[in-house]
Structure formats: structure tokens, C-alpha cells
Amino acid sequence: MSGQGLTGLSTLSRRLVALGVLAWCLITAFPLYWVVVTAFKTPPGVVGGPTYIPFVDFTPTLQPFIDLYQGIRGEFFRTFLNSTIVGLSAAAMATAIGAMAAYALVRFEFRVRLGAGLIFFLLALGGYLLFSNNLGFTRAQALLLAFPIALVIAIIANRLPLPGPILGNEDILFWFVSQRMFPPIVTAFALYLLYTEIGRLGFQLIDSYVGLTLCYVAFSLPIVVWLMRDFFEAIPIEVEEAAMVDNVPSWRIFLGIVVPMSMNGLLATFMITLAFVWNEFLFALFLTNSKWQTLPILVAGQNSQRGDEWWAISAAALVAIIPMMIMAGLLSRMMRSGLLLGAIK
Amino acid sequence: MLRRTFLMLTTSLAVACAASQANAACSPDYSGVTLTVASQTGPYIASALKLGADEWTKKTCGKVNVVEFPWSELYPKIVTSLTASDATFDLVSFAPAWLPDFVPYLSEMPKAMQSGKDWDDVEPAYRERLMVWEGKIYSQSMDGDVHTYTYRTDLFSDPKEKDAFKAKYGYDLAPPKTWKQYLDIAEFFQRPDKGLWGTAEAFRRGGQQFWFFFSHAAAYTNNPNYPGAMFFDPETMDAQINNPGWVKGLEEYIRASKLGPPNALNFSFGEVNAAVAGGQVAESIGWGDTGVIAADPKQSKISGKVGSAVLPGSDEIWNAKTKKWDKFPAVLPAPFMAFGGWQIAVPKVGKHQEAAWDFVKTLTSPEVSGQAAITGGTGVNPYRKSHTANLELWSKIFSPQEAKEYLGAQADSINGKNVALDMRLPGYFSYTEVVEIELGKALAGQTTPQAALDAVAKEWNRLTDEFGRAKQLAAYRAAMGLPPKN
Amino acid sequence: MMRNDPIKHVFIWPAVLVVLAISIFPLIYSFTTSFLSYRLIPPIPPRVVWFGNYVTLLQEPRFWNAILTTTLIAFIAVGLQYVIGFGVALALNARVPGERLFRVALLLPMLLAPVAVALVARMIFNPTMGPLNQLLSTFGLANLPFLTNGHWALGCIIAVEIWQWTPFVILMMLAGLQTLPEDVYEAAELENASAWQQFWGITFPMMLPISAAVVFIRLIESYKIMDTVFVMTGGGPGVDTETLTLFAYQEGFKKFNLGYTSALSFLFLIAITIIGVTYLALLRPHLEKRR
Amino acid sequence: MARVEIENVSKAYGPYKIIEGLDLNVADEEFVVLVGPSGCGKTTTLRMIAGLETVTDGTIRIGERDVTQLRPGLRNCAMVFQNYALYPHMTVGENIGYGMKVRGEPRASITKAVQDVARVLDLEPYLDRRPKQLSGGQRQRVAIGRAIVRSPDVFLFDEPLSNLDAKLRIEMRTEIKALHRRLAKTIVYVTHDQVEAMTMADRVVVMNRGRIEQAADPITIYEKPANLFVAGFMGAPSMNFIHGEIVARDGALVFTEPSGTALKLPKSREAIYAGSIGKPVVLGVRPDHVLRQDAPAGASIRLMVKDVEPLGPHTLVIGTVGAFPFTAQMPVGVAAAPDHVIDVALDLERTHLFDKVSGMAIS
């Protein structure tokens with residue numbers, strides 16, 4: 001424990017502080033408690049006004065859950081499975097490639113010329129406009145043509161002595177993290193269009209595992225890179241140097257030494273990413289329509305056209321919340337052992 | 001318990017059907033076919049689709065996968081899927097108002113389905129108007145929607161109440177003929193200290209609010225002398241929504257919001273039903289679901305005491321052409337076909353056109369839909385003559401008196417001489433969004449009814465110009481059942 | 001040491017490619033579309049209007065209202081989150097009794113789906129059937145118009161934001177507090193500085209960098225608020241609680257006014273950038289003093 | 001044969017030159033210690049040998065191979081780090097055997113190698129423990145063990161003992177020396193501790209500001225420091241420096257200091273010092289270069305005592321001579337007290353004289 005051990009405070013103020021924290025905890029816990037009890041109520045039990053304690057002022061029923069199980073309010077089981085599959089795999093992939101990128105940004109030197117970046121953007125934009133407007137390609141074709149061409153030219157251009165500033169690792173990191181700043185609403189729609197266009201080329205991305213997971217991987221990467229960079233920076237470099245001297249190849253240093261050493265950080269990042277994907281609403285809304293719907297869509301849908309049916313909403317919300325509750329337990333244990341410290345230096 | 005009832009009914013239905021058709025061959029044989037239907041999140045409509053799906057599966061061995069979206073997402077979802085020529089959905093269920101936006105992407109109903117006993121059984125209001133677009137049939141109604149009036153018979157027949165009412169207002173307490181009477185009754189029963197309030201309507205943005213407003217306004221604007229002029233002038237496509245008839249409707253709608261439970265401003269139709277079933281209000285307007293839910297003893301405190309009637313009307317109706325009030329010898333009800341009932345259609349890109357239409361046939365057959373109509377929670381209200389004619393079907397949930405009133409109100413409304421059609425226009429959401437916003441301001445007292453509706457009219461005219469006035473006018477005339485201009 | 005091994009490309013390119021592929025198209029697409037008048041429903045062919053959409057938007061009171069609403073929500077919510085979060089973190093760091101138990105509960109809200117949280121909030125805030133109403137009616141304050149009056153509704157949304165995201169602030173601040181050196185406090189203790197003086201003299205200045213980061217992250221995220229408002233009020237009553245994202249959503253996905261929406265999103269991005277840059281510029285002198 | 005040859009090597013970070021034109025040859029089986037104050041470039045030099053730092057200019061050869069551009073793993077060096085750099089998630093056995101495992105050697109031979117090393121280093125009971133469960137000395141032995149199994153051409157040690165407590169450090173010193181004898185391998189060892197350098201090295205290389213000040217065997221370094229820096233850096237307590245000049249007086253060369261000290265320089269070295277008459281010089285006197293006798297004329301200084309530190313075998317008397325601090329190592333029980341002035345007789349035969357301008361020893 002560091003510092004202010006409340007030693008400067010009297011017993012009274014100590015108690016007041018404890019009381020304040022307790023109050024905040026109650027505020028935090030009450031809505032959750034409310035969901036739990038409401039999920040076991042009957043419709044008249046809800047409409048009749050608030051009741052609080054099962055068996056005391058209302059008789060609990062499992063009916064809302066039976067309804068869920070029987071699929072009266074949508075395919076809960078399958079949706080739950082979808083959320084689990086997409087969540088776990090997207091979080092795992094994002095953590096994996098994000099960690100690789102973060103490691104690269106911590107340990108290797110990168111130099112990108114701003115000029116090359118601009119060339120890429122302008123060529124991609126111009127190429128896209130040219131191909132789609134003047135040469136009669138579809139949007140997807142135009143993009144699929146313009147993008148690699150721009151990328152290749154930009155990579156070549158990066159080797160030329162272009163004027164203008166040279167961007168280093170910090171700038172690349174900022175570029176990654178700044179992806180989070182773009183309002184997701186338009187990204188979602190544009191992505192939807194991109195996916196449908198690619199779908200016309202014969203590779204279905206809408207409402208597919210690949211499409212949804214890829215999108216989540218991309219939008220989780222900024223968080224992963226940001227968090228993992230700090231974890232990796234906390235690893236003493238000598239350990240890696242020892243391995244280098246020992247003729248361990250770089251990939252093996254990463255997999256055999258760095259990854260096990262930052263396992264806790266990876267786990268925490270994985271869980272945070274999982275929570276993000278698990279709760280994500282907007283992209284799921286646009287990129288799925290039947291087979292790969294996720295839980296938030298179904299939960300939001302409980303707010304149906306004909307008004308709120310709280311017992312059902314609560315049961316649905318509870319199903320979506322429980323895995324996150326378990327994770328909160330795990331995360332808080334990690335937090336206690338100070339493992340998240342590395343994330344914020 | 002809505003769902004429990006529903007469950008029991010489905011199961012019994014399923015068992016009965018299974019017993020009779022256990023060994024029936026698949027006819028027509030659609031085994032291996034899986035139809036995907038887009039729908040709103042259940043139980044409403046989605047469960048009706050599932051009910052139909054089970055039947056169809058038994059008959060044809062094909063499978064149906066009902067995909068549910070939140071109500072607010074259904075329109076964008078269908079639009080994006082249709083405009084992307086995405087063959088995800090074999091069928092889409094939707095609101096009639098969206099039909100104009102969807103038509104270019106829908107396939108026409110097979111001619112064979114457009115005749116016969118089942119076809120003629122559909123109420124003309126649906127068969128000849130809502131299902132038609134520019135002379136062609138693109139969709140099939142799977143639900144009938146008209147606003148009706150619901151009240152508590154125990155209060156209305158209480159001699160003490162009757163006397164007190166007569167003393168105060170000078171006429172008998174009965175289901176109201178005019179909106180003024182409706183408000184009088186609401187005012188009379190407004191007793192917050194006793195947990196009783198006057199009326200319940202939907203007032204929440206995104207909570208079916210504007211249809212309730214339209215119901216009020218229909219009485220003053222749906223003029224038989226100048227048909228189809230409720231929303232726009234069918235000659236010029238000028239917005240009519242700020243004319244004196246509409247303003248009067250809005251004033252009364254705002255007044256009604258003050259004669260409801262304290263949180264009425266946050267009511268969507270679901271809360272309206274809950275308030276009625278909970279015995280909190282003396283009267284209410286809304287779709288047919290209200291009556292079915294209020295009759296169900298498992299979820300209602302007033303079962304057995306539910307009365308129904310046609311919506312109130314007016315003897316004065318604004319004439320958009322002469323810009324004057326037209327006087328009528330008697331009160332002329334203008335039952336409003338709010339929403340217009342869910343419809344189901346088949347996108348052109350669907351891979352199983354034939355099977356899809358066959359499913360529609362099964363789903364909307366008198367037997368299957370009749371079963372759905374009496375099942376609370378399917379959201380299906382009568383839209384066939386056979387639905388309202390078959391009193392016996394309804395005796396399962398209603399007392400004879402209730403059934404008579406309920407079915408009478410439904411049938412009379414749909415067949416009413418001056419039934420008011422809901423607006424159907426390309427760009428529907430752009431039009432209704434501004435209505436919702438301005439209604440919210442007017443209800444909150446931030447602006448006057450006239451100013452609010454002026455703002456709506458201005459935006460409507462702007463939108464019409466942006467979308468193309470001639471195009472919109474043609475569409476509007478089609479929607480209102482008027483012949484094309486010139 | 002920075003190594004320079006060709007394998008670095010293997011490490012970084014997968015992430016770069018994924019982000020480029022998924023983000024460059026939306027960027028280019030919205031950028032080009034923002035100069036068009038382009039509606040999907042009813043289908044109107046695209047027409048180049050250059051800055052027309054931007055001009056219309058800047059003259060649109062609804063746009064400014066959305067900016068104001070979003071800013072109010074973001075600043076008030078983040079401000080209170082910071083104050084409460086810092087306070088709770090300080091208390092937890094001081095080993096308040098029962099602190100271990102609190103941690104799970106304190107962490108939970110930020111892991112829940114905003115959609116679910118907003119639905120729950122609607123139950124709590126129900127003016128007749130909700131528990132909050134019952135509590136308040138014992139004080140004689142029954143049936144408050146929580147979600148039906150513009151000001152109340154804004155307050156409720158802010159309350160939910162605080163409820164959900166204060167844990168994030170607690171988490172970060174707690175982690176920051178644990179890195180503070182103990183000896184500084186011991187020295188202060190010897191000089192007989194009061195707890196209050198210790199806080200303003202030591203804790204607050206030393207926590208300034210992490211505070212700045214936490215507030216920055218929360219501000220940016222708060223500006224994107226959508227799910228909560230969407231479920232709780234749908235932007236109503238009127239447009240009193242309509243945020244930028246919700247506005248974009250209505251324009252883009254209800255009215256399918258694509259050009260307009262793209263322009264809106266670019267203005268949105270510019271606004272966020274301006275706020276971010278101003279924020280950093282204002283804080284920079286304070287942060288640099290600490291180095 | 002594993003000589004290490006560093007030829008004209010420079011290292012710069014951008015405009016900052018850390019090392020310039022360094023030349024150093026380490027003979028096969030030689031134990032060379034690089035010593036110097038922090039920032040002198042000794043660690044950088046070691047890391048350049050290991051390949052952990054790139055060389056800006058120049059050549060490094062190990063054995064007969066030019067390894068300048070070779071990556072670390074291919075240089076066949078083994079390195080032991082100050083903070084041990086053990087793999088925390090592996091047991092001691094796995095730590096030692098990891099390099100072999102990566103190189104794909106058969107499991108049996110890994111086990112055998114690990115066992116052998118563990119026996120040599122007394123690590124057998126700990127093979128299944130994690131580094132966290134070991135003491136500092138044990139961890140350092142594991143790090144050394146990891147280096148040994150590598151059977152490298154050259155061992156590189158980067159301040160391996162500085163995280164250990166004093167007693168352990170002395171033990172480990174002996175162990176490493178013993179190890180060197182047994183393994184007979186070339187060792188380059190970096191430390192900032194001159195005692196370590198003196199006690200362990202075959203040859204000490206004193207570095208300062210990226211340059212080698214002197215490279216020689218420990219005794220030479222101590223007795224014949226090449227310049228002021230080496231003289232001052234090596235030896236504890238460090239050498240006393242008195243600034244003054246040489247004058248010829250009464251037929252002898254006398255070192256004079258402004259406050260009046262005058263020391264008669266030994267006859268034997270007059271020839272050497274004659275060239276420095278009249279130039280500013282620095283007289284270097286190690287604290288133990290005092291005589292236990294009464295001072296003869298011209299061989300004593302007046303020490304203004306500031307402090308007396310009895311150490312047991314002898315007593316340090318700390319004070320000033322004129323303006324210059326001076327520490328003298330005196331017999332136990334010397335009659336000295338703060339604020340008194342005592343006469344201290346110097347063993348002038350063993351003093352050093354440096355040119356003040358160049359800092360080089362006058363010899």
C-alpha cells in the first residue's frame with residue numbers, strides 16, 4: 001500500500017469514508033440486484049409496483065427463463081453460442097496480432113515517412129474514385145484494386161528520400177490508438193457496404209463468422225496495442241537479450257519467453273477485449289442478420305414494439321450479464337495482485 | 001400469463017395437427033428448403049410466424065427460420081438487405097407504410113393466389129387497398145390493424161357513476177361518439193387518489209405515438225367529400241398536417257395526455273395495454289390487442305369487464321379543397337387503420353419464390369390465422385371476414401357480450417364507410433420522424449400545437465420537393481386508393 | 001535497445017493490414033460521400049454538391065442542439081465520474097474495511113452491455129412502477145417525469161453514464177495510486193501535513209498525468225454515446241436528448257440520407273479532434289511542469 | 001582459439017558519440033575486466049561484442065571471424081547480466097537447458113548437460129524451482145550455468161555481482177575465478193567496482209568517456225597508473241592528489257605546494273622529473289604510502305586533521321594538506337584528533353607524479 005493510509009484522519013472521518021464507499025457500492029449493486037429479482041417475477045408481479053425480496057413480497061417463478069430456453073423471445077441459445085464463439089475468437093485473434101504489433105513497436109525500430117503515408121491515402125482515394133467513377137468498376141472492385149496498388153507504391157516510396165518528417169514508433173502507436181476516435185456509426189455503415197460489395201464478388205462477409213470476427217478484431221486492436229505495449233515495456237529487456245545471445249530466434253523469444261512472461265497482461269487484455277466484443281451493439285446490428293446475431297441485438301430487441309416486458313428483459317439481460325460477472329470476478333482478482341499496474345504507467 | 005397461454009395453445013394445436021396428419025406425405029414437397037423470414041423481435045408477430053411455420057413444416061416438410069430484429073431496426077435491416085440485393089431473406093414481414101420503399105425489390109404475388117375462397121375472405125380494406133400498390137399485389141396482410149375504443153363495462157354500467165356523470169355533463173355515460181365526449185369521460189374518471197385515471201394512449205417518441213395522434217386527427221380531416229386528403233392535398237401534394245382539423249386533433253391528443261396516469265408521456269402501446277389490463281384507466285384507444293390482453297384473466301385485473309367500440313368521430317370535418325369545415329348531419333366516425341397490420345412479402349432475389357409464397361398461403365389461411373388471432377401475444381388481429389364472423393372461436397377468451405362488442409368494433413371499423421387509411425409514402429421515415437419530434441415538443445408544452453404542425457408541414461413540403469413532387473404525388477394517390485392523376 | 005530484425009515486419013503487418021483494410025474503406029467512402037447528395041430511400045441518384053451538406057448542417061439547429069446535448073452529457077458525466085472515481089479509489093487505496101469485497105461489485109458495471117444497462121435503467125426510472133419512484137414517494141416526491149421531461153431525461157442519462165463508467169475511473173486511478181512512492185507521504189507526515197494538504201500537495205499533482213489520460217479517454221468515448229440514449233429515451237422528448245451519434249443514426253439508417261450523414265460524421269470527427277487538441281493544449285503546461 | 005579483437009570501433013546515438021576509435025585485443029583464455037565509472041562505455045563495449053548494440057564504425061572479430069554485422073546468436077558468446085535475466089516462467093533446469101532445447105538438441109544430452117552444470121555450480125537441489133524461489137546468489141549461479149551449457153567461445157559478464165550483498169560478492173568472485181581456471185575460456189567482464197577488477201582480472205582495462213585509459217595487469221595498474229584518471233579510480237581509499245610544481249633547490253628536485261609543503265623527490269627519479277621543472281604537476285600519494293617513523297626533513301606533510309576513522313588493522317586520518325584533501329593510513333593508536341595538525345612522513349619512493357596539463361604520469 002502506498003501513501004495516504006488515512007492515518008491523518010480521525011476515526012470518525014475514517015468511518016465516513018468507509019460509509020461513502022459503501023454507499024457507492026450500494027448504488028452500483030442495486031440495479032444489478034434489481035435485474036436479478038425482476039427476472040424471477042411474473043408479469044402481474046412487475047406491473048403491480050416494485051417488490052424487492054423473493055419469497056417475502058413476491059413469489060419467484062422461472063417462467064421468464066423457461067420462455068428464453070424455449071425460444072419464445074428469439075433464439076437465445078444459438079445467439080448465446082454466437083456471442084461466445086465470435087467473442088472468444090475475436091478477442092483471441094485481436095490479442096494475438098495486437099500483442100505482436102505492440103511487441104514490434106516496443107522492441108523494433110520503425111520509420112515511416114509521412115510522405116509515404118500521404119501517398120498511400122491519396123492513391124487509395126484517387127484510385128478508388130478513378131476505378132469506380134471513370135473505369136466502371138463496382139465499389140468493391142475499385143477498392144480491391146486501388147488498395148493494394150496504393151499500398152505497394154507507398155511501401156516503395158517509403159524507401160525513397162521523400163521530404164517531410166519521418167514518423168517513428170510513437171507515431172505509429174498513435175495512429176493505431178486514434179482509430180478509436182472515429183465515430184463508429186459511419187464506419188459501421190460503410191463497412192456494411194464494403195461487405196455487401198465483396199459478397200457480390202462471391203465471398204460472403206455479411207452475416208458470416210469471418211466478417212463479424214474480422215471487424216471486431218480490427219476495432220479491438222487499438223485497445224490491445226495500447227494495453228499490451230505497456231505490459232511489454234515492463235518486461236526487463238535483459239531477459240530477451242539473454243535469449244538473443246543464446247541464439248534463440250526472434251519469434252521464439254516472443255512465443256517462448258515474452259508471451260509467458262506477460263501472460264497475465266495478455267489474459268487481462270483478452271478479457272477486456274472479450275467484454276468489448278461481447279457487449280458491442282452497433283456493428284453486430286449492421287453486419288449480421290440471422291445466423292450470426294449476437295446477444296446485445298437480442299437483448300435490445302426485448303424492448304419490443306409493444307412495450308417493455310420487464311420480466312423478460314431482465315431474464316435476457318441477466319443471461320448477457322452473467323458471463324461478464326464471472327469475468328469481473330477474475331479481473332478483480334488480477335487487479336488485486338496489481339497485474340493491471342503495467343497498463344497505466 | 002401471456003406466454004403460458006400461448007404455449008398451451010400452440011402445444012395443443014400442434015398435438016392435434018400432428019395426430020391428424022402424422023403420416024401425411026409432404027405436399028407440396030419442400031423438404032430441404034429452409035425459408036428465412038425477417039421479423040420483429042417476438043413474441044408479437046414473430047410467434048405468429050412460428051405458429052405458421054410449424055404448420056407449414058408439417059404440411060410440406062420445409063423449414064422456416066424466423067429471424068427477429070428490434071422493431072426500430074427492422075426497417076433499416078430490410079432496406080439494407082433489399083438494396084444490397086442480398087438473398088438473406090426469403091420473406092420479410094413489415095409495416096404497410098414501408099411498402100412503397102420496398103416495392104422495387106419485391107416479387108408479385110402469384111396470380112393463382114389472387115382469387116378463390118381464401119382470397120375473398122380477406123377484408124376488402126386490406127385486399128383492395130393496403131395490399132395493393134399501383135394496381136399490383138406485392139404483399140399479403142398477416143394481421144389486421146385498426147384503432148378501436150376500449151372501456152371498462154363495470155364503471156360504465158355502475159348506476160352511481162351514471163348518475164354522477166349525467167349530473168355533471170348533461171348526457172348519458174356511454175361509449176363516446178365524439179372526441180369531446182371521450183375527453184369528458186376521461187376527465188370524469190380522473191381520480192389519482194384512487195389509483196384510477198381517465199385514459200391511456202401512447203405518447204412516447206418511438207412508441208407508436210403518432211398513430212394515436214393520427215386517430216384523433218382522422219375524425220376531423222378524413223373528409224368523404226374530398227377523399228384521400230387527410231395527409232396531403234391529392235391534387236398538389238401540399239402538406240395538410242397543419243390545417244385546423246389537425247390542430248384540433250393535436251389539441252385533443254395533448255389534452256388526453258393530461259388525463260392519463262402520471263407517466264403517460266412515457267407510454268408506448270405496451271404500457272397502454274398494461275394500464276388497461278391493470279385496471280388503471282377507465283377507457284383507452286389502441287389496436288385490437290388491448291381487448292385480447294384485457295380479457296385474459298391471467299394478465300388482467302378487469303377480465304370479463306371489457307367493452308369495445310368504434311373510435312369516436314366528429315360531425316365537422318375540414319375540407320382541404322375549400323379550406324372550410326364541412327358540416328355533417330350526424331357524427332361520422334373515421335376509424336383509423338393505424339399501422340395497417342403487418343404484411344408479408346417475398347423479395348425478388350429470394351431463391352425459393354414458390355415455397356415462400358406457399359408459406360404465405362399457409363400462414364394466412366383462415367384456419368392458421370384464426371388460431372393466431374385468438375392467441376394473446378401473437379399480435380395478430382382480425383383481418384379476415386371469417387375472423388370476426390366466427391364467434392365460437394372467440395368464446396375461448398371472451399364472454400359472449402365481450403366477444404360481440406369486440407368483434408363488432410373490429411368489423412365495423414374496418415368496414416366503416418369513412419375508414420381512414422394510414423399514410424404510405426416513399427421516404428416514410430423522413431416524414432414521420434419530424435412528426436415525432438414536433439409532437440414531443442408540443443406534448444411537453446415547449447411549443448403550441450399550431451407551431452408544431454406548421455413545422456411539420458414545412459418539413460413535409462421540403463421533403464416532397466427533395467424526393468420529387470410528381471413522384472410522391474403519384475405514390476400518395478396510389479396509397480390512398482385514388483386513380484393516377486390525368 | 002531497439003532491434004532491427006527483418007522479422008519485425010511479420011510482427012506488425014497483420015495488425016496494420018487488418019486495421020487498414022477495415023478502416024480505410026469507411027474513411028474513403030464517407031469522405032467521398034460527404035460531398036454528394038445521396039439518398040438510398042427513396043432512391044435518388046448521387047449528385048455532387050461539394051460542401052452543400054456541410055453548409056446545411058452548420059445552419060441546422062438540430063445539429064447544434066445535438067452538439068450541445070452531447071457536450072453536456074460528456075462533460076458533466078465525465079466530471080462527476082472523475083470526482084467520484086478518484087474519491088472511491090482513494091478510499092480503496094487506504095484499505096477501507098471490506099475493500100476486497102467491494103472490488104468485484106465496483107468493477108462490474110463497465111463490463112456490462114450498455115444496451116442491457118439502459119434497459120435496466122428504464123425499469124429503475126419508471127415513474128410509477130419503478131423502485132426509485134417508491135423511494136421518492138416516501139419523501140413526498142412521487143411520479144417524477146424522469147424520462148419525459150427534457151432536463152430530467154438528460155439527468156437520468158448522465159446518471160446512467162456515471163453508474164456505468166465510474167468503475168473505469170476507479171480502476172485506473174487505483175492502479176495509479178499504487179504506483180505513488182511511499183516516502184513522499186512519510187516526509188509529509190513528518191512535516192505534519194494534514195490529509196487535505198497531502199492530497200492537494202502530493203497526491204493530486206502526482207496523479208495529474210494519469211488523470212489527464214483517464215479523462216481524455218472517457219471524454220472521447222462519451223462523445224460517441226449512443227446505445228444508452230437510444231434505449232432510454234430514443235432522443236426524446238422532442239430532440240432534447242439527441243446526441244450526435246443518435247442524430248447520425250437517424251439520418252443515416254432511418255432516412256438513409258447517406259451524403260448528409262457522412263458529412264455529419266466528418267464534422268463529428270473534426271469536433272472530437274478540436275476538443276481533444278484543446279484539452280491537451282490546456283493541460284500541457286501542467287503536465288510538463290511535472291516532468 | 002577465441003581471441004576478441006576490437007579494432008577502431010565507434011558507437012554513436014545520433015549526434016552523441018559514446019565510444020570513439022576503441023582498440024582492444026583480448027587473448028585466448030584471458031580474463032579481461034573492463035572497469036570505469038558509469039557512462040564510460042564499458043557496458044556498451046561489452047554489448048557490442050555480444051552483438052546487442054550495433055557498431056557505428058570499426059570491426060569486431062571473435063576468433064578469426066569478423067562478427068561485426070553478425071546477429072548476437074551467431075557469435076557464440078554467452079552473457080551473464082547484472083539482474084540475472086532468468087526466464088521467470090521456467091524452472092532452473094529449464095532455464096539452463098533452454099538454449100539447447102531451442103537448438104534442437106536431443107533431450108538426453110540436454111538433461112546431462114544441465115546435470116553437469118548443476119553439479120559444478122551446486123545447483124542440484126534447486127533444479128525444479130523457479131527463479132523467484134531462489135536467493136540472489138543462487139540466481140546468479142543459474143545465470144552462469146546457463147552461460148556454461150552454451151559452451152561459448154567467449155563469456156561476457158555485465159556487472160554480474162553488483163546486485164549481491166558484500167559477503168556473497170566476495171564468495172562469487174572466487175567462484176568465477178575458479179570457473180575461469182577450470183573452463184579455460186576467454187572472459188570479458190564489466191564492473192564499476194575496482195576491487196573486483198583488481199582481484200579477478202588477468203588484465204584490467206580502465207575506461208573513461210568512451211576511451212581506454214590503461215590496459216594492464218592489476219599490479220601494473222595499481223603501481224604504475226598511466227594517468228591521473230587511472231590513479232584516482234583504482235585503489236581504495238583513492239589516491240591523494242596535491243597540485244604544485246617541481247623546483248630545483250639545493251641540488252635536488254623539490255615538489256612544492258602553495259601552502260608551503262616541500263617534498264624532496266627521490267634521487268633515483270631526478271632524471272625523469274628533470275624535464276618537468278617549472279611545470280604544474282600533481283603529486284599522487286596513496287594513503288598507505290606513509291612511513292611509521294618520524295618524518296625526516298623534506299619528506300613530510302602537515303596534515304590538518306578533520307576526522308579520524310579507526311578501521312581495526314589501521315586508522316584512517318582524513319584531513320587537508322593546504323587546499324587539497326588528504327587521507328592517510330596510519331597505525332592503530334596514532335595520536336591524532338580533529339582540528340589538530342600532525343606531521344605525516346611519506347614514502348616518497350612510491351609516490352607518483354603527473355603532468356597536470358596532460359594528466360599523464362611522468363615516467
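Computed from a predicted model, the values in this text were never measured in an experiment.
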What heavy-atom pair brings V102(D) and P249(A) nearest, and what distance separates the two atoms? CG1-CD, 3.7 Å
Between L86(D) and V239(A), is any pair of side-chain heavy atoms under 4.5 Å apart? no
Give, as side chain, backbone, both or neither, the part of M100(D) having an atom under 4.5 angstrom from any heavy atom of chain A. neither
ring-ring contact (aromatic ring centres under 6.0 Å, His included) with H192(D): which residues, sequence neighbours excluded? none
Suppose we count any N or O donor within 3.5 Å of an acceptor, strictly below that value; which pairs fall between chain D and chain A?
unit_1  : atom_1 : unit_2  : atom_2 : d
R47(D)  : NH1    : E241(A) : OE1    : 2.6
R47(D)  : NH1    : E241(A) : OE2    : 3.1
R47(D)  : NH2    : E241(A) : OE2    : 2.4
R71(D)  : NH1    : N247(A) : OD1    : 3.3
G73(D)  : N      : M244(A) : O      : 3.1
N83(D)  : ND2    : E238(A) : OE1    : 3.3
H89(D)  : NE2    : G256(A) : O      : 2.8
R103(D) : NH1    : D246(A) : O      : 3.3
R150(D) : NH1    : V245(A) : O      : 2.3

